[in-house]
Protein chains: 2
Amino acid sequence: MTQYEVPTLAHVAKLAGVSENTVSRVIRNKGPIAEDTRNRVVKAIETLGYVPNRAAGSLASSGSLLIGVLLPSLSNVVFPEVLQGIHAALATTAYQPMVGVTNYDAGKEQDILSSLLAWQPAAIVTTGFDHTEATRRMLSNSRVRVAELMDIDAEPIDVAVGLSHRQAGYATGRHLIERGYRRIGYVGHDWGADRRARLRHDGVCQALSETGLTLRAEERFDGPSSTMAGRDTLATLLARAPDIDAVVFSNDDMAVGGFFHCLAAGIVVRKQLALFGFNGLDIGQALPMPLSTVRSNRFLIGKTAVERLLESPTRPEQRVVIDTGFDIIEGATA
Amino acid sequence: MTQYEVPTLAHVAKLAGVSENTVSRVIRNKGPIAEDTRNRVVKAIETLGYVPNRAAGSLASSGSLLIGVLLPSLSNVVFPEVLQGIHAALATTAYQPMVGVTNYDAGKEQDILSSLLAWQPAAIVTTGFDHTEATRRMLSNSRVRVAELMDIDAEPIDVAVGLSHRQAGYATGRHLIERGYRRIGYVGHDWGADRRARLRHDGVCQALSETGLTLRAEERFDGPSSTMAGRDTLATLLARAPDIDAVVFSNDDMAVGGFFHCLAAGIVVRKQLALFGFNGLDIGQALPMPLSTVRSNRFLIGKTAVERLLESPTRPEQRVVIDTGFDIIEGATA
DNA sequence: CTGTTAGCGCTTTCAC
DNA sequence: GTGAAAGCGCTAACAG
């Protein structure tokens with residue numbers, strides 16, 4: 001091996017005086033190895049600073065230590081948090097995540113999926129149930145494990161990990177009703193992209209309708225959720241329906257914006273207008289009045305999904321649905 | 001090809017009636033191909049639903065379409081935003097990012113780097129200049145391109161993309177001095193992990209000292225930055241030094257928390273106490289009073305870095321430093 | 001413009 | 001316990 005060549009199995013084998021095969025066994029901890037041989041090999045690996053070439057390994061074994069991850073966005077803190085959970089579960093393993101961002105576009109998801117599949121990943125982690133037919137076909141044809149995250153209100157391909165957004169919405173509605181709010185409004189963001197926000201909305205409506213109520217007014221911002229959008233959209237809603245006594249927001253970002261609107265407009269939160277969010281983000285809990293909201297366990301969702309996927313390399317007979325649940329955070333705004 | 005076999009180049013070649021090599025050429029758009037042949041190959045690829053095996057390609061060409069990315073954390077929105085920039089630059093290419101999270105631990109960075117290198121990436125994108133000796137050696141020995149992000153206050157291995165945090169701190173100090181603030185305090189978070197926060201702090205101090213001033217008081221939260229930490233730490237600082245007229249926060253998360261403290265404690269922001277952040281996050285600009293802060297261009301940093309790396313597969317003679325700059329956001333809190 | 005040949009570095013299978 | 005041999009699916013180099 002000249003000085004500028006990257007060491008390979010062959011170099012290690014030669015230095016340790018064994019066959020390549022033996023070195024490979026040592027590395028993968030597979031098959032019986034004499035203690036003495038193992039030591040020589042380990043030493044050789046260290047001296048050479050040998051790092052296995054995963055591409056070669058992957059090719060030879062037609063499998064890899066990669067987990068393909070498909071996220072709709074990185075702008076919404078929720079997804080980086082899911083990714084943290086995924087990284088946490090992978091930290092003690094040799095697996096590496098390979099992340100693609102779809103921008104809530106099923107067509108793009110399909111493209112990225114096919115380039116992820118090209119690396120022969122051990123598993124694919126994706127978000128929600130909105131896939132193209134081709135995506136679904138690729139996923140079922142490839143024999144990799146598949147986790148669909150966030151949502152459990154539909155039939156998964158292999159395993160789904162998340163919470164029932166419909167139930168979360170329902171619990172939100174009940175919470176407000178039980179506290180005496182009757183003139184309830186809704187402030188949301190773009191539904192085309194966010195099926196789960198709509199499910200929560202529907203859950204709220206269901207709770208209301210069971211009590212003979214309906215949403216007094218609703219306003220949807222035509223774009224992704226953000227604090228600023230929440231702030232502006234609440235202002236619009238209140239201009240149209242000044243008599244509402246509570247507002248459900250599509251998520252915490254929007255709700256925090258709503259809180260800021262109230263501050264700026266001199267509206268006394270809860271007394272004059274109750275606010276309710278979704279997600280349980282830190283920022284909402286750091287407000288002068290902690291936000292009333294629902295905690296979705298994003299980190300846990302990512303972590304659980306990966307743990308389940310790694311349990312077995314093949315799909316189980318039965319599709320699995322794991323409910324990571326949610327909790328109402330009482331807060332002080334509703 | 002039986003029904004359950006994954007199609008390979010050979011299958012495509014056979015179906016199109018050409019050699020494997022020709023198919024490979026078509027796929028990689030390399031070398032001259034007769035229009036007619038190309039069409040036949042493309043058709044065969046489509047009928048079979050062929051997806052190239054990147055592991056094989058990577059092995060054969062000893063190079064890959066991977067970009068290794070090392071980020072210290074995903075909890076701080078700043079890094080997901082950098083990652084967005086990276087994804088944006090990669091979106092029009094066939095490259096895929098492979099992300100590792102180091103938790104601000106140089107030892108862990110080293111481990112993850114070696115497992116990223118095992119995939120023969122075309123380039124490595126990492127954060128800051130705090131590497132172990134071994135990391136630095138691996139990076140220089142491997143001939144991959146290397147970008148070090150966020151910071152430009154040191155000599156890069158290959159290319160650095162970011163801003164001068166010292167200068168950003170200095171500009172912050174000047175801003176406050178010019179507006180007449182003289183009793184300036186500092187609220188920060190853990191420096192062990194965040195060298196850049198310290199550089200900004202030092203910049204502030206430098207500006208003050210040029211005017212014959214020093215920081216009146218400072219308080220550092222022993223942990224990562226967060227809104228809650230900012231809120232609590234400002235409270236602590238004010239208990240110790242009630243007479244300060246302005247506070248510089250280590251970043252916007254902390255500053256927003258400080259704003260919340262003021263709200264809760266009935267302190268009139270700016271009139272009684274000016275607040276200044278760093279980063280220019282959306283949340284700060286959505287506050288009832290937009291936060292005075294410095295905009296760091298995280299998205300641009302990620303995007304620029306990748307664009308530069310992909311320009312050339314080999315390191316330039318000269319190490320390159322790209323300053324993505326910063327702007328003072330006037331805001332209303334200072 | 002296209003085909004042939006020879007690997008890339010590893011794992012698998014089967015001997016011994 | 002260990003080794004030899006045969007690929008994995010692709011690309012590179014060279015012919016033609």
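Proteins get letters first, then strands, A, B, ... in listed order; numbering begins at 1 in each. This one's a predicted model, so the numbers in the text were calculated from it and none came from an experiment.
- Atom P of nucleotide C:dC10 and atom CZ of A:Arg54 are separated by 11 Å, given to the nearest angstrom.
- Note on A:Ser24: a side-chain N or O is less than 4.0 Å away from OP1 or OP2 of C:dT11.
- Within the structure, side chain to side chain donor-acceptor pair (under 3.5 Å) contacts touching residues 144-156 of chain B (residues at least two apart or in different chains) are B:His131-B:Glu148, B:Arg145-B:Asp158, B:Asp151-B:Arg195, B:Asp153-B:Ser164.
- When the P atom of C:dC8 is taken as reference, atom CG of B:Asn53 falls 18 Å away, rounded to whole Å.
- Side-chain atoms of A:Ser142 come within 3.5 Å of backbone N or O of A:Met138 as a donor-acceptor pair.
- The side chain to side chain contact (heavy atoms under 4.5 Å, CB included) check on A:Pro72 picks up A:Phe79, A:Thr102, A:Tyr104, A:Thr127, with sequence neighbours excluded.
- B:Val42 is linked by a side chain to side chain contact (heavy atoms under 4.5 Å, CB included) to B:Val26, B:Arg38, B:Glu46, counting only residues two or more places apart in sequence or in another chain.
- Across all non-hydrogen atoms, the minimal contact from B:Thr132 to B:Ala106 is CG2-O, 3.5 Å.
- Within a 6.0 Å radius of CD in B:Gln318, no more than 12 heavy atoms belonging to other residues, nucleotides or ligands are found.
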Just the atom pairs and distances: protein N or O near nucleotides 13-16 of chain C's N or O, under 3.5 Å.
from: C:dT13; atom 1: O4; to: A:Asn21; atom 2: ND2; distance (Å): 3.0

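- Within the structure, side chain to side chain donor-acceptor pair (under 3.5 Å) pairs that include any residue of residues 70-79 of chain A comprise A:Ser75-B:Gln84 (at least two apart or interchain).
- Listed by first and then second residue, the salt bridge (Lys or Arg N to Asp or Glu O under 4.0 Å) pairs involving residues 132-142 of chain B are B:Glu133-B:Arg136 (not counting sequence neighbours).
- Contact record, A:Leu74 with A:Pro80: O-CG, 3.6 Å, taken as the closest heavy-atom pair.
- Listed by first then second residue, pairs satisfying side chain to side chain donor-acceptor pair (under 3.5 Å) with a partner in residues 49-67 of chain A number zero, not counting sequence neighbours.
- B:Val161 and B:Ile152 get closest at one heavy-atom pair: C-CG2, 4.2 Å.
- As a whole-Å value, the separation of A:Leu9 CG from C:dC8 P is 13 Å.
- For the segment residues 26-44 of chain A, residues with any heavy atom less than 4.0 angstrom from an atom of DNA chain D are, sorted by number, A:Pro32, A:Ile33, A:Ala34, A:Thr37.
- With sequence neighbours excluded, no residue forms a ring-ring contact (aromatic ring centres under 6.0 Å, His included) with A:His87.
- An end-to-end axis angle of 30° holds for the helix from C:dC1-D:dG16 to C:dC16-D:dG1, taken from five base pairs per end and rounded to 10°.
- Residue pairs that meet the salt bridge (Lys or Arg N to Asp or Glu O under 4.0 Å) test with at least one member in residues 77-106 of chain A, sequence neighbours left out, are A:Glu81-A:Arg298.
- Backbone-only engagement by B:Ser61 is indicated by non-hydrogen atom pairs under 4.0 Å involving sugar-phosphate atoms exclusively.
- Chain A approaches DNA chain D within less than 4.0 angstrom (heavy atoms of the protein), and the contacting nucleotides run 5' to 3' from D:dG1 to D:dG9.
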